[in-house]
Amino acid sequence: MKIAVMGYGTIGSGVVEVLKINQNKIAERAGQPVEVKYILDLREFPDDPMEDKIVHDYQVIVNDPEIGIVVETMGGVEPAYTYVREMLLAGKQVTTSNKNLVAAKGAELIQLAREHNVNFQFEASVGGGIPIIRPLNKCLTADEIEEITGILNGTTNYMLTKMASEGAEFDAVLKDAQEKGYAEKDPTADVEGHDSCRKIAILTSLVCGRQVDYEDILCEGITKISAVDLKYASAMNRCVKLLATSRKQGETYSCMVAPFMLPAEHPLCNVNGVFNGIFVHGNVLGDAMFYGSGAGKLPTASAVVSDIVDMVKHTNVNIYINWKSEKLALKSYRESKNRFFVRTNSDRETVEKAFGAVQYVEAGVPGELGFTTEEMRESEFETKAAQIALVNRIRLG
Ligand code: HSE
């Protein structure tokens, strides 16, 4: 099988490396050798052993009938979308690690692949090296999936872990994560929660079979989390994690991305560093947990190459993926119920006038109060919180 790789950055070069490191095992599993014929990139790579494979025009790949599989690791929606579309129209199978592309155009590209009897796969788009797309599409098909809650972003989990264990500053740990190749080109997508939001939208689309737009999901990142919040968390024997959740509510889902304070014994509290953890609850399965390397060059490339192997085995066979373009209207997050940890500059009288009886948290922070609330609707919390001088609030899991 001759393949092309579009985008020779961190993940693209990782795919080439994985195909080399495990060449024989991959050939055995795929039933034939897999050879990289082209690498598409705007740049030149003069000292790279793959230098002679570099091309700058994607039409070279489109027009070469020898190419059966194309790997898209460019990132971003355009020009990735245009290139992938043309590859599918030309009867080539495509695998991508690009969650921006999958979240925006997944349903359309799946349909296009089906019409051309090829496959569009995207295992690496969620959870890095952890298998989650194929399990949802192939293994958990007997269930109504009632909940998915996960740590879906390695960069922010790495940052929160370091901030909690070393008392490190936000900017320093972000730089470290970028240097290790975990972060997106623009790390705003990581720290503002957009990356997690696209990933939970992809997972929810797969389990409901319809288009979930990430723009419809409440998305809060970790930029407001400070060392003081982590001090309160420690006083409450809790960890702080950026969670992406999706819960079935009648005929639809309620989704949210936000930092949560979880009790230390919660399984997701033990998901540290760049690791991701994804909890899935099915109505007949019960609970399942997926855990592993959530970002980085080789783990993500491992997931891309698993798609290549699957597609070699399914040449001329479309693997049905239930994700239609018809949009699912999500239930508003404002109707969901949560408990909250709150920091305020108001006095106890003002707090209790707004919230009634609350539980105060003593963390030795001067000049402010910290307390936890009873469970209430998000809309109710917003009304009560407007009556106090709010410093920060974090949901309790
Ligand atoms: N920036 C992403 C993360 C890469 O940190 O999880 C993997 O999708």
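Just so you know, residue 1 is the first one in the sequence shown, and it goes up from there. Indexing begins at 1, ligand by ligand and atom by atom, following the structure's order.
The cationic group of Lys105 lies under 6.0 Å from the six-membered ring centre of Tyr81 and within 45° of the ring axis, placing it in a cation-pi geometry. Under a cutoff of 6.0 Å and an axis angle of 45°, Arg395 and Phe341 do not form a cation-pi pair.
Residue, atom and distance of the protein heavy atom nearest to atom 5 (O) of ligand 1 are Thr155 OG1, 2.6 Å.
Residues Gln93 and Leu88 form no side-chain contact, since every pair of their non-hydrogen atoms from C-beta on lies 4.5 Å or further apart.
Below 4.0 Å from some heavy atom of Glu184 lie the following atoms of ligand 1, by number and element: 1 (N), 2 (C), 4 (C). Close contacts of ligand 1 with Asp190, meaning ligand atoms under 4.0 Å from a residue heavy atom, involve 1 (N), 2 (C), 3 (C), 5 (O). Residue Ala295 has at least one heavy-atom neighbour below 4.0 Å for each of these atoms of ligand 1: 3 (C), 4 (C), 5 (O), 6 (O), 7 (C). Within ligand 1, the atoms closer than 4.0 Å to a non-hydrogen atom of Asp195 are 2 (C), 6 (O), numbered from 1 in the order shown.
Among Gln178, Lys99, Lys180, the residue whose heavy atom lies closest to atom 7 (C) of ligand 1 is Lys99.
Of the options Val118, Asp310, Ile110, a side chain to side chain contact (heavy atoms under 4.5 Å, CB included) to Ile319 is made by Asp310 and by none of the others.
Backbone and side-chain nitrogen or oxygen atoms of Gly154 are examined, and one is located within less than 3.5 angstrom of a nitrogen or oxygen of ligand 1. At under 3.5 Å, a nitrogen or oxygen of Lys199, whether backbone or side chain, sits near a nitrogen or oxygen of ligand 1.
Asn318 and Asn117 are not linked by any side-chain donor-acceptor pair at a separation below 3.5 angstrom, with hydrogens and angles left out of the test. Residues Asp64 and Tyr38 bring a donor and an acceptor atom of their side chains to less than 3.5 Å of each other.
Within the 4.0 Å heavy-atom cutoff, Gly128 does not count among the residues contacting ligand 1.
The distance between the ring centers of Phe371 and Phe355 falls below 6.0 angstrom.
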